[in-house]
There are 2 protein chains.
Amino acid sequence: MTRATILTIEDDPAIRRGIVDALDFNQYSVIQAADGDEGLKKSTQNEYDLLLLDLALPGTPGLEILREVRKLRPTQPVIILTAKGEESDRVRGLEDGADDYVVKPFSIKELMARVEAVLRRTPQRPSNNEAVSFPTGQVDFERRELRFVDSSRSELSEKEVELIRYLANNRGRAISRDELLSSVWRLNPKGISTRTIDMHIARLREKLRDNKEKPEILLTVRGKGYMWAAQPTQVGD
Amino acid sequence: MTRATILTIEDDPAIRRGIVDALDFNQYSVIQAADGDEGLKKSTQNEYDLLLLDLALPGTPGLEILREVRKLRPTQPVIILTAKGEESDRVRGLEDGADDYVVKPFSIKELMARVEAVLRRTPQRPSNNEAVSFPTGQVDFERRELRFVDSSRSELSEKEVELIRYLANNRGRAISRDELLSSVWRLNPKGISTRTIDMHIARLREKLRDNKEKPEILLTVRGKGYMWAAQPTQVGD
DNA sequence: GGCAAGTTGTAACATTAGGTTAGAATACCA
DNA sequence: TGGTATTCTAACCTAATGTTACAACTTGCC
């Protein structure tokens, strides 16, 4: 069991190698990208616990990657790597939502400290197969089904599971259709025009037995997308 | 400066006196209600940091008060007081969302421990005049105005301040119009039919310079109400 | 292969919640 | 008392979402 999955976007092979080794040694699972285009692709197609992003890259520039990722995944943790002197880049990066930065040349020790710090303050999401509950029941990701308090069940399809997982992992945050298409469907279309998501939501609401007129679990956020309702109250301890 | 404001709904004058004294001694601000009707009124008209609710009351029964309050304020912390033996009431109370219970007769020490515990695990809201920020600026409750990053400002009216405060204090949670009417307007109408809230929201969006078609700060949750957007990312430390 | 069941996507239409405008009521103040 | 700011109401309108019905695709099985 690795501690977290980290995407490293860095073109210098020596530096990349160093980073990967260090992360690997510290029990992280590491994915690599050697240039901007590959980085953009990997970072937008998948969600990682952390992105290590060199700003000076061949291909798509680091800052653009950052902005794209940020648009799609507002909460994706990102640490940027900048060369000494390129202070303006660093400032732009932080403005664009990077969580922290490391200035090259850096020591492995320093990098690891930053990594740990950012991961530490990332709100801990339920891990992949942890139970997600809603007022009238809970989601069993293992068995791909919903179990209700009256112990009845409904089965979930593949896409439904992924959709529910993504939404539930981000409860309390309104997720745009773009973000869903990118994260759940692994597509990357700017400004979509498909009702597919709405369809799936409708089907999910049905299975969740959510209130049809006034949903209480899977909320519609006008002009934005959908949201898994924040837990109203936690009863007892 | 008191630590928190607590509403005590308890008909027995001796017990009530004891509770009030103890809370007072511990720096809490205490409001009292001596029967169910008064309790229902006070608990629905105002929001408190904590509700101490005796279940056996003349007038409106405790459980009904609990349910009404819960409908209006899903996060209102509540501790119920039950007589020894009335176990079914206690269970019902917890089912209906009470956060904890104390069985009579209880020691002051025990009560205080419960109070502290519940308050401790209540998600700490920004206190009344703490700054609330949004991506393009922040709310200054003192001066009743919005300050933007470009250091321009807009003034807020009384109602606007209260509305913004309530929504922002509950960011990430969709607030129903009923809850707003009850908490901000201090009205108690079941199933409203006024567009007043929508109006105020529109004006607020204007002042917040929120995106008109796709709001990013003050979101509309279909069939439910409105929501102050959850913080997308916290930049840096 | 090819049929059946299940899943996912699309097109087209329907509905209505919420945005919006304009003005009436009310409160505030000098 | 008149003027100004604020709040509320009524009425209208639109576009975002819900919804239906079916087409396309996948999967497994004989």
Side-chain angles (χ1 to χ4, degrees), chain A residues 143-146 153-167 174-178 180-189 191-227, chain B residues 144-146 154-167 174-187 189 191-227:
Chain A
R143 300 182 174 282
R144 333 216 115 174
E145 65 182 20
L146 301 171
R153 302 159 185 233
S154 356
E155 303 198 338
L156 295 174
S157 79
E158 183 62 22
K159 270 272 147 50
E160 285 168 344
V161 168
E162 292 190 39
L163 183 54
I164 226 173
R165 169 178 286 142
Y166 195 82
L167 289 166
I175 313 293
S176 72
R177 291 181 176 72
D178 269 8
L180 287 177
L181 272 191
S182 142
S183 304
V184 178
W185 273 259
R186 276 99 217 282
L187 298 173
N188 205 345
I192 25 75
S193 61
T194 173
R195 319 300 319 285
T196 304
I197 293 177
D198 306 48
M199 247 349 292
H200 278 269
I201 294 287
R203 286 196 271 254
L204 266 185
R205 278 185 181 144
E206 176 95 8
K207 292 196 178 174
L208 284 162
R209 302 177 196 166
D210 205 350
N211 185 327
K212 212 168 190 180
E213 296 86 44
K214 298 184 178 297
E216 318 223 297
I217 305 172
L218 220 41
L219 309 181
T220 300
V221 180
R222 192 181 226 251
K224 186 120 199 186
Y226 296 94
M227 178 176 99
Chain B
R144 331 218 118 173
E145 67 183 16
L146 301 172
S154 353
E155 303 196 338
L156 295 174
S157 78
E158 184 62 23
K159 270 271 148 53
E160 285 167 344
V161 169
E162 291 189 40
L163 183 54
I164 225 174
R165 169 178 285 142
Y166 195 82
L167 289 167
I175 314 293
S176 71
R177 291 181 176 73
D178 269 9
E179 184 174 349
L180 287 176
L181 273 189
S182 141
S183 303
V184 177
W185 272 261
R186 275 99 219 282
L187 299 173
I192 24 78
S193 61
T194 172
R195 317 303 315 284
T196 305
I197 292 177
D198 306 48
M199 259 331 305
H200 279 268
I201 294 286
R203 282 196 280 259
L204 267 186
R205 278 184 182 146
E206 176 97 8
K207 292 196 178 175
L208 284 163
R209 303 179 196 164
D210 206 349
N211 185 325
K212 213 167 189 179
E213 298 85 45
K214 298 184 177 298
E216 318 224 297
I217 306 172
L218 220 42
L219 309 181
T220 301
V221 180
R222 191 180 227 253
K224 185 118 200 187
Y226 297 94
M227 178 177 97

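Each chain gets a letter, A, B and so on, in the order its sequence line appears, and its residues count up from 1. Computed over heavy atoms, backbone and side chain alike; hydrogens, waters and symmetry mates excluded.
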Give, for atom [atom1] of [X] and atom [atom2] of [Y], the distance between the pair rounded to the nearest 0.5 Å.
{"X": "B/Met199", "Y": "B/Thr194", "atom1": "CE", "atom2": "OG1", "result": "10.5 Å"}
{"X": "A/Asp210", "Y": "A/Ile217", "atom1": "CG", "atom2": "CD1", "result": "4.0 Å"}
{"X": "A/Tyr226", "Y": "A/Ile175", "atom1": "OH", "atom2": "CD1", "result": "13.0 Å"}
{"X": "A/Arg195", "Y": "A/Ile201", "atom1": "CZ", "atom2": "CD1", "result": "11.5 Å"}
{"X": "B/Ile164", "Y": "B/Leu208", "atom1": "CD1", "atom2": "CG", "result": "5.0 Å"}

Spacing of [X] atom [atom1] relative to [N] atom [atom2], expressed in whole Å:
{"X": "B/Leu180", "N": "D/dT7", "atom1": "CG", "atom2": "P", "result": "15 Å"}
{"X": "B/Lys159", "N": "D/dT9", "atom1": "NZ", "atom2": "C1'", "result": "15 Å"}
{"X": "A/Met227", "N": "D/dT17", "atom1": "CE", "atom2": "P", "result": "14 Å"}
{"X": "A/Arg144", "N": "C/dG6", "atom1": "CZ", "atom2": "P", "result": "17 Å"}
{"X": "A/Glu155", "N": "C/dT8", "atom1": "CD", "atom2": "P", "result": "12 Å"}
{"X": "A/Leu219", "N": "C/dA17", "atom1": "CG", "atom2": "P", "result": "16 Å"}
{"X": "A/Leu163", "N": "C/dT7", "atom1": "CG", "atom2": "P", "result": "15 Å"}
{"X": "A/Arg177", "N": "D/dA15", "atom1": "CZ", "atom2": "C1'", "result": "12 Å"}

Any [X] side-chain N or O less than 4.0 Å from OP1/OP2 of [N]:
{"X": "A/His200", "N": "C/dG9", "answer": "yes"}
{"X": "A/Tyr226", "N": "D/dA16", "answer": "no"}
{"X": "A/Thr194", "N": "C/dT10", "answer": "yes"}
{"X": "A/Thr220", "N": "D/dT17", "answer": "no"}
{"X": "B/Trp185", "N": "D/dC8", "answer": "yes"}

Among [options], the nucleotide that comes nearest once only the side chain of [X] is considered:
{"X": "B/Glu158", "options": "D/dT7, C/dG19, C/dG9", "answer": "D/dT7"}
{"X": "A/Arg222", "options": "D/dG18, C/dG19, D/dT9", "answer": "C/dG19"}
{"X": "A/Arg195", "options": "D/dC8, D/dG18, C/dT7", "answer": "D/dG18"}
{"X": "A/Asp198", "options": "D/dT6, D/dG18, C/dT8", "answer": "D/dG18"}

Specify the residues of residues 204-213 of chain B, ordered by number, for which at least one heavy atom lies under 4.0 angstrom from an atom of DNA chain C. B/Arg205, B/Lys212
Using five base pairs at each end to define the local axes, how bent is the helix from C/dG1-D/dC30 to C/dA30-D/dT1, to the nearest 10°? 30°
Walk along nucleotides 22-30 of chain C from 5' to 3' and tag each nucleotide B, S or - by protein heavy-atom contact under 4.0 Å, base first, then sugar-phosphate. ---------
Do you know which of B/Lys207, B/His200, B/Arg144 makes side-chain hydrogen bond (donor to acceptor under 3.5 Å, both in side chains) with B/Glu160?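 It is B/Lys207; the other options fail the test.
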Using a heavy-atom cut-off of under 4.0 Å over every strand shown, decide if A/Thr196 touches base, sugar-phosphate, or nothing.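 Since a base atom lies under 4.0 Å of A/Thr196, the category is base.
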Where each residue is assigned the nucleotide of DNA chain D containing its nearest heavy atom, which of B/Leu156 and B/Lys214 is assigned the position nearer the 5′ end?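 Of the two residues, B/Leu156 wins.
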